[in-house]
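Quick note on labels: first sequence line is chain A, next is B, and so on, each numbered from 1. The shown structure was predicted, so the numbers you read here are calculated from the model rather than taken from an experiment. Atoms considered below: every heavy atom in the structure, side chains included; atoms not considered: hydrogens, waters and symmetry mates.
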Number of protein chains: 2
Amino acid sequence: MSIQQCCPPVEIDSSAHQSRATLFKALGDPHRLAILEKLARADDEVCVCDFTAALPLNQPTVSHHLRILRDAGLVTCERRGTWVYYRLASDVAKRIVDTTQSLLPQRVLA
Amino acid sequence: MSIQQCCPPVEIDSSAHQSRATLFKALGDPHRLAILEKLARADDEVCVCDFTAALPLNQPTVSHHLRILRDAGLVTCERRGTWVYYRLASDVAKRIVDTTQSLLPQRVLA
DNA sequence: CGCTTTTATCGAAGAATGTCAATATAGCCG
DNA sequence: CGGCTATATTGACATTCTTCGATAAAAGCG
């Protein structure tokens with residue numbers, strides 16, 4: 001029996017991964033990315049009815065995706081009269097980049 | 001009947017969202033994030049057996065997650081003898097940041 | 001060549017997710 | 001108030017994902 005080694009062990013910290021995964025999971029659907037891109041391009045608030053018109057989804061499904069984005073803190077919304085207007089959270093891109101940087105040490109980014 | 005408007009329509013381009021979503025989906029699991037962080041901290045290749053030892057998952061499940069990361073282009077692997085060593089793809093952080101920037105216009109990042 | 005170790009694949013079970021129709025809620029207008 | 005429009009919620013269904021046990025494949029060892 002030969003004593004073999006593959007590599008020195010490295011610890012894993014598992015506390016922060018859940019919240020990071022929640023963020024990335026919210027980004028892991030093409031329709032939600034379409035919603036975010038539309039918001040970014042508009043550079044302004046966008047009405048729900050506009051998402052519903054632009055996406056190949058029924059209204060409840062759009063509402064469902066908007067909720068997931070809201071829960072992830074990626075968008076905010078405001079009701080004005082009958083309509084509800086959505087807006088990118090101010091720090092969306094920063095949050096994604098910060099999360100990436102906290103996950104991967106700085107030197108990897110170079 | 002009053003003619004009402006909510007907001008001017010904006011187009012949605014849906015071609016790139018699928019591949020972007022695939023990337024984010026691969027990042028949307030805490031165990032896969034743990035694998036990536038371990039690789040980043042090690043700043044070197046890591047043996048599969050080390051992941052298996054560090055994660056609360058059975059060996060086939062670890063292998064499954066490694067495959068998803070491989071398919072997403074986030075890691076590469078190399079077999080040497082009995083062992084297989086994984087390494088972060090050189091452009092992981094850049095790819096995440098670039099994808100974010102292509103999704104959200106530059107001014108949002110400021 | 002068999003035996004052992006390491007990793008990958010297969011197949012199945014349970015959980016989570018995306019989607020829709022139906023319905024509820026909120027607010028405008030007459 | 002009563003009807004109409006916009007959005008959210010609920011419940012059901014199909015698909016996908018995570019996980020595991022069983023098994024296969026790859027490679028060193030005797």
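- Considering only residues two or more places apart in sequence or on other chains, A/Thr22 meets the side-chain hydrogen bond (donor to acceptor under 3.5 Å, both in side chains) condition with none of them.
- Scored by the side-chain hydrogen bond (donor to acceptor under 3.5 Å, both in side chains) test, A/Arg79 finds no partners at all (sequence neighbours excluded).
- DNA chain C is contacted by A/His64, A/His65, A/Ile68 of residues 62-70 of chain A, taking any non-hydrogen atom closer than 4.0 Å.
- Shown here are the side-chain contact (heavy atoms from CB on, under 4.5 Å) partners of A/Thr52, two or more places apart in sequence or in another chain: A/Val48, A/Gln59, A/Val62.
- B/Tyr86 has a side-chain polar atom (N or O) that falls below the 4.0 Å cut-off from OP1 or OP2 of C/dA8.
- By the 4.5 Å heavy-atom criterion applied to side chains, B/Asp50 and B/Tyr86 are not counted as neighbours.
- A/Arg95 is linked by a side-chain contact (heavy atoms from CB on, under 4.5 Å) to A/Leu23, A/Leu74, A/Asp91, counting only residues two or more places apart in sequence or in another chain.
- Between the CG atom of B/Leu57 and the P atom of C/dT7 there is a distance of 15 Å, given to the nearest Å.
- In this structure, B/Phe51 places its CZ atom 15 Å from C1' of C/dA8, rounding to the nearest Å.
- The nearest whole Å value for the distance from the CG atom in B/Asn58 to the P atom in D/dT23 is 16 Å.
- Spacing between atom CD of B/Glu78 and atom C1' of C/dA8 amounts to 17 Å, rounded to whole angstrom units.
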Polar-atom pairs under 3.5 Å, protein N or O versus N or O of nucleotides 22-27 of chain C: list them with distances, or write none.
none

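- Listed by chain and residue number, B/Arg20 satisfy the side-chain hydrogen bond (donor to acceptor under 3.5 Å, both in side chains) test with B/Ser102 (two or more places apart in sequence, or in another chain).
- Per the geometry, CH2 belonging to B/Trp83 stands 17 Å off P belonging to C/dT4, to the nearest Å.
- Spacing between atom CG of A/Asp29 and atom C1' of D/dT16 amounts to 12 Å, rounded to whole angstrom units.
- For the side-chain contact (heavy atoms from CB on, under 4.5 Å) test, residues two or more places apart in sequence or in another chain that qualify with B/Asp98 are B/Lys94, B/Gln101.
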Indicate every side-chain donor-acceptor pair of residues 25-36 of chain B with a distance under 3.5 Å to a residue at least two apart or in another chain.
from: B/Asp29; atom 1: OD1; to: B/His31; atom 2: N; distance (Å): 2.8
from: B/Asp29; atom 1: OD1; to: B/Arg32; atom 2: N; distance (Å): 3.1
from: B/Arg32; atom 1: NE; to: B/Ala26; atom 2: O; distance (Å): 2.8
from: B/Arg32; atom 1: NH1; to: B/His65; atom 2: ND1; distance (Å): 3.0
from: B/Arg32; atom 1: NH2; to: B/Lys25; atom 2: O; distance (Å): 3.2

